[in-house]
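Because the structure is predicted, anything quoted here is derived from the model rather than measured.
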Amino acid sequence: MTMTTSPTPSGPGLGERLRTGFGLLGPRHPRHTLPVEQVDALTLPIGDDGVVVGVNNEGQPAVLGVNRPTPYDIVLIGGLWTAQVMALRSAATGARVAVETGRPQAWMQMVHAMGGGQNGLSVYDVGRVPPQGASAGTPVLVVRDCGMRPPRGRVVSGPWQSVLTLLPYLSPVAPRLLRQARLAGIQRVSPDEAAELGRTMGLSRTEVESLPGLPDGVTLWCTDRDRQYVLTQPTDAEIGLLGTPRRMD
């Protein structure tokens, strides 16, 4: 067997750099240059960071920034299906999901599909959610599925811990929850509920009139300054687990 020996590198200090593991020489290529007028071509379409809840009227992804360093409360007046899709997608982004519910059987299929509560989703009875220990490395979404009159929760929103409260319909506690919420989602409701929501949330006449006719899977998401209709399109895996979009449970 013959061995070839590479030429000994030369130059001031080069041998010392090689012996200590720094300054190894790589292949030499011409420098890459870009004219100033072409710099804009390098921009990338980067959107918000968060959970993709669907697409807006323009067909662009609608993203909710659920994992935040500040308290964040969300109210969804709508169906269980949408809340469960949001829980699944939040868990997929690395958040732990704690579900507080009076109907645990409605969540068991999700728990089993995600590894029996060991992979990001746990279910608790109403009023029995323990402290979650949320942090930047382990953000938490608490889903409160507690019916028309959810009691005041033991576990509230805080740094890296958002709370999503699901209301099947407008209820006497809804105005208080909506005032506290940073984000509200409204699905199909009755004309009387739509009129009440219009007064409570300052919705336009067009928005109020649209609410009783919203199709399954469509949510009007509202902040203090923005309104956006979003269509939640399930993946094949979500359809297999939760079925197709529906407003009623």
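A donor-acceptor contact shorter than 3.5 Å links the side chain of Ser210 to the backbone of Glu207. Listed for the Arg96 side chain is no donor-acceptor partner under 3.5 Å among the backbone atoms of Val140. Checking side-chain atoms of Gln187 against main-chain N and O of Gly79 turns up a donor-acceptor pair under 3.5 Å. The main-chain N or O of Pro130 is found under 3.5 Å from a side-chain atom of Gln132 such that the two form a donor-acceptor pair. At least one donor-acceptor pair closer than 3.5 Å links the side chain of Thr101 to the backbone N or O of Asp145.
By the 4.5 Å heavy-atom criterion applied to side chains, Leu220 and Arg227 are counted as neighbours. Within the 4.5 Å cutoff, no side-chain heavy atoms of Ile77 are placed close to those of Glu193. Considering only heavy atoms from C-beta on, Pro234 stays 4.5 Å or farther from Val85 through its side chain. The shortest side-chain heavy-atom distance between Val189 and Arg247 falls under the 4.5 Å cut-off.
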query = After noting the C-alpha distance and the side-chain angles of Ser90 and Thr93, does the key distance pass the side-chain hydrogen bond (donor to acceptor under 3.5 Å, both in side chains) rule?
reply = CA-CA 5 Å; Ser90 296; Thr93 66; 5.4 Å; no
inquiry  = What verdict does the side chain to side chain contact (heavy atoms under 4.5 Å, CB included) test give for Leu164 and Val66, after you've listed the backbone C-alpha separation in whole Å, the side-chain angles of each residue and the deciding distance to 0.1 Å?
reply    = CA-CA 9 Å; Leu164 166 64; Val66 175; over 6 Å; no
* Asked: Should Arg103 and Asp249 be marked as a side chain to side chain contact (heavy atoms under 4.5 Å, CB included) after you check the CA-CA gap, both sets of side-chain angles, and the distance that decides it?
  -> CA-CA 12 Å; Arg103 46 178 174 177; Asp249 300 313; 3.9 Å; yes
- Met110 and Leu241: CA distance, side-chain angles, deciding distance, side chain to side chain contact (heavy atoms under 4.5 Å, CB included) verdict: CA-CA 7 Å; Met110 282 181 58; Leu241 183 61; 4.0 Å; yes
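There is a path of hydrophobic side-chain contacts, each under 4.5 Å, that joins Val111 to Val99. Cluster annotation: Val156 and Val142 are assigned to distinct hydrophobic clusters (Ile/Leu/Val/Met/Phe/Trp/Tyr, side-chain heavy-atom contacts under 4.5 Å, transitive). Connection of Val53 to Leu121 is established within a shared hydrophobic cluster, with ILVMFWY side chains joined at heavy-atom distances below 4.5 Å, either directly or through further cluster members. A single hydrophobic cluster is seen to contain both Leu88 and Val123, as judged by linkage of ILVMFWY side chains at heavy-atom distances under 4.5 Å, directly or through other members. No continuous path of hydrophobic side-chain contacts links Val75 to Leu183 [ILVMFWY only; heavy atoms under 4.5 Å].
Note that CH2 of Trp160 is 8.5 Å distant from OG1 of Thr70, once rounded to the nearest 0.5 Å. Distance CZ/Arg246 to CG/Leu80: 7.0 Å, rounded to 0.5 Å. Atoms CD1 and CH2, on Ile74 and Trp221 in that order, are 6.5 Å from each other to the nearest 0.5 Å. Between the CG atom in Leu203 and the CD atom in Glu196 there is a gap of 11.0 Å [rounded to 0.5 Å]. Note: Trp81 CH2 to Met86 CE = 11.5 Å, rounded to the nearest 0.5 Å. Between the CG atom in Leu167 and the CZ atom in Arg144 there is a gap of 10.0 Å [rounded to 0.5 Å].
No more than 12 heavy-atom neighbours from other residues, nucleotides or ligands sit within 6.0 angstrom of CG on Asp224.
In summary, of the residues considered (Thr232, Leu141, Val97), a side chain to side chain contact (heavy atoms under 4.5 Å, CB included) with Arg89 occurs for Thr232 alone.
Residue Thr138 comes nearest to Gly133 through the heavy atom pair OG1-O, 3.7 Å, listed as atom of the first residue, atom of the second, then distance. In plain terms, the two heavy atoms of Leu170 and Met148 that are nearest each other are O-CE, 3.5 Å. The two residues Asp216 and Pro245 have their closest heavy-atom pair at CB-O, 3.7 Å. Here the closest non-hydrogen pair linking Pro139 and Gly94 is CD-O, 4.3 Å. In plain terms, the two heavy atoms of Gln233 and Glu238 that are nearest each other are O-OE1, 4.3 Å. What you find for Cys146 and Glu100 is that their closest heavy atoms are SG-O, 3.5 Å.
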